[in-house]
Asker: 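I'd like to ask some things about the structure below.
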Amino acid sequence: MDKKTIIINGGNFSELATFYLETDKVLSKDLDWQTGHNLDAFSDLLEGGFGVHEYKEPIKLIWKDFSKSKLDLGKKLADKLVRIIEEHDHIEFSKA
């Protein structure tokens, strides 16, 4: 069975606040409540169970325009976000 592919588009944000809006858009669906906008909440979204993929369901996650994001967010923060993604064994991650 093919893994679902989810794309975080670096062209859709230029700071952390809009990064969280982008990840809400691509990692959740039909929620009747606002997700938290912090690193722990981002990690929780990656776990799944928020409408796009099931809890711990294997997925492919592609961060498009990562080089732009690294400039916009700063190397330290971008690297931290990547580390959070890579902590999830069910995610096949790549940067584009």
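Sequence positions, counted from 1, serve as the residue numbers for this chain. Being a predicted model, the structure only gives us computed values, none of them experimental.
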Asker: Tell me, with the steps shown, if Ile85 and Leu46 meet side chain to side chain contact (heavy atoms under 4.5 Å, CB included).
Answerer: CA-CA 7 Å; Ile85 294 167; Leu46 294 169; 3.9 Å; yes
Asker: What's the spacing between Ile6 CD1 and Ile62 CD1 if we round to 0.5 Å?
Answerer: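 Atom-to-atom, Ile6:CD1 and Ile62:CD1 are 10.0 Å apart.
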Asker: Please determine whether residues Phe66 and Ile91 belong to a single hydrophobic cluster, defined as Ile, Leu, Val, Met, Phe, Trp and Tyr linked transitively by side-chain heavy-atom distances below 4.5 Å.
Answerer: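 Same cluster: Phe66 reaches Ile91 through Ile, Leu, Val, Met, Phe, Trp or Tyr contacts under 4.5 Å.
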Asker: Just to verify, what does Lys56 make a side chain to side chain contact (heavy atoms under 4.5 Å, CB included) with, not counting sequence neighbours?
Answerer: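 In terms of side chain to side chain contact (heavy atoms under 4.5 Å, CB included), with neighbours along the sequence ignored, Lys56 is linked to Glu47, His90.
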Asker: If you look at every heavy atom in Ser69 and Gly10, which pair is closest and at what distance?
Answerer: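 Of all heavy-atom pairs spanning Ser69 and Gly10, the closest is OG-CA, 3.3 Å.
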Asker: Measuring from Asn38:CG to Asp44:CG, what's the distance to the nearest 0.5 Å?
Answerer: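 Answer for the CG-CG pair, Asn38 versus Asp44, is 8.0 Å.
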Asker: NZ of Lys80: more than 12 outside heavy atoms within 6.0 angstrom?
Answerer: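 Open: at most 12 neighbouring heavy atoms sit under 6.0 Å from NZ of Lys80.
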Asker: Can you see which heavy atom on Asn9 is nearest to which on Glu22, and at what distance?
Answerer: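 Of all heavy-atom pairs spanning Asn9 and Glu22, the closest is N-OE2, 2.9 Å.
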Asker: Above 12 or not: heavy atoms from other molecules or residues under 6.0 Å from CD of Glu54?
Answerer: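 No, not enclosed.
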Asker: For the atom pair OG (Ser28) and CD (Gln34), what is the distance rounded to the nearest 0.5 Å?
Answerer: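 Answer rounded to 0.5 Å: 9.0 Å.
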Asker: Salt bridge (Lys or Arg N to Asp or Glu O under 4.0 Å): which pairs involve residues 83-96, sequence neighbours left out?
Answerer: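 Every salt bridge (Lys or Arg N to Asp or Glu O under 4.0 Å) pair that includes a residue of residues 83-96, provided the two are not neighbours, is Lys3-Glu92.
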Asker: Indicate yes or no: at least one non-hydrogen side-chain atom of Val52 is less than 4.5 angstrom from one of Val26.
Answerer: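 SC-SC contact between Val52 and Val26 ruled out.
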Asker: For Phe19, enumerate each residue passing the ring pair (Phe, Tyr, Trp, His ring centres under 6.0 Å) test, keeping only those at least two apart in sequence or located in another chain.
Answerer: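 With sequence neighbours excluded, Phe19 shows a ring pair (Phe, Tyr, Trp, His ring centres under 6.0 Å) to Phe13, Phe42, Trp63, given in chain and number order.
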Asker: What distance separates Thr35 OG1 from Leu27 CG, expressed to the nearest 0.5 Å?
Answerer: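 Nearest 0.5 Å value for the OG1-CG distance: 9.5 Å.
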Asker: Running the 4.5 Å side-chain criterion over Ile, Leu, Val, Met, Phe, Trp and Tyr, what cluster does Leu21 land in, apart from itself?
Answerer: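 Its cluster partners, ordered by chain and number, are none at all.
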Asker: If I take atom CZ from residue Phe93 and atom CG from residue Leu61, how far apart are they, to the nearest 0.5 angstrom?
Answerer: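 It is 6.0 Å, given to the nearest 0.5 Å.
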Asker: Only counting residues at least two apart or in another chain, list the ones meeting side chain to side chain contact (heavy atoms under 4.5 Å, CB included) with Ser67.
Answerer: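 Per chain and number, Ser67 pairs via side chain to side chain contact (heavy atoms under 4.5 Å, CB included) with no residue.
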Asker: Under the salt bridge (Lys or Arg N to Asp or Glu O under 4.0 Å) definition, can you give me all pairs with a residue in residues 59-70, not counting sequence neighbours?
Answerer: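 Output for this query lists Lys68-Asp72, Lys70-Asp79.
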Asker: When you compare the side chain of His53 with that of Pro58, does any pair of heavy atoms fall below 4.5 Å?
Answerer: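 Side-chain contact under 4.5 Å: no.
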Asker: Identify the heavy atoms of Ala41 and Gly36 that sit nearest to each other, and give their distance.
Answerer: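 Distance-wise, the nearest heavy atoms are CB-O, 3.0 Å.
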Asker: Run Asp24 and Phe50 through side chain to side chain contact (heavy atoms under 4.5 Å, CB included) and show every step you take.
Answerer: CA-CA 9 Å; Asp24 280 351; Phe50 295 96; over 6 Å; no
Asker: Working to the nearest 0.5 Å, report the span between CG of Leu71 and OG of Ser14.
Answerer: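 Spacing of CG (Leu71) from OG (Ser14) equals 12.0 Å.
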Asker: Starting from Tyr55, can I reach Ile84 by hopping between I/L/V/M/F/W/Y residues whose side chains sit under 4.5 Å apart?
Answerer: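 No.
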